[in-house]
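Data first, discussion second: the structure below is written as structure tokens.
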Amino acid sequence: MFLSKIMKAADHPYLKGKGGRHPNNELHHLNMAFFRHQKGLMPLFIIGFGGSIFVGLYMIRLAMKTTDVNWTKAKDERITNFYRNKQMKLINPGGHDYTNMSDDRPVY
């Protein structure tokens with residue numbers, strides 16, 4: 001009997017009727033009409049979505065262009081030691097010679 005009272009209460013008009021909880025809790029403000037009405041939020045959304053797209057593209061660039069990611073998962077010497085004696089930085093202000101620098105590093 002207690003369970004049937006709970007089930008009947010879920011069908012009460014104060015939940016789904018006019019002015020009830022269910023229509024008031026809907027996400028009615030997440031549509032284009034609300035977005036057009038709130039003119040001050042447009043730059044915020046544009047900058048937010050633009051920044052998200054920029055971060056996503058930069059993460060894809062890091063995954064494709066850097067030397068830290070090995071997409072082939074091979075332990076081949078020509079892949080793992082390709083950058084052994086090469087300069088990784090764009091600018092070399094110290095003037096270091098990278099051609100024989102790997103001789104001082106440990107080989108694992």
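Predicted model, so just to flag it, every value in this text is computed and none were measured.
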Of Ile60, Leu62, Val55, the residue whose pairing with Tyr58 passes side chain to side chain contact (heavy atoms under 4.5 Å, CB included): Leu62

Given the rule that I, L, V, M, F, W and Y join up when any side-chain heavy atoms are under 4.5 Å apart, are Ile53 and Ile47 in one cluster? no

Co-membership, hydrophobic cluster, residues Met32 and Leu41, 4.5 Å side-chain: yes

Rounded to the nearest 0.5 angstrom, the NE2-CE distance for His37 and Met42 is 10.5 Å

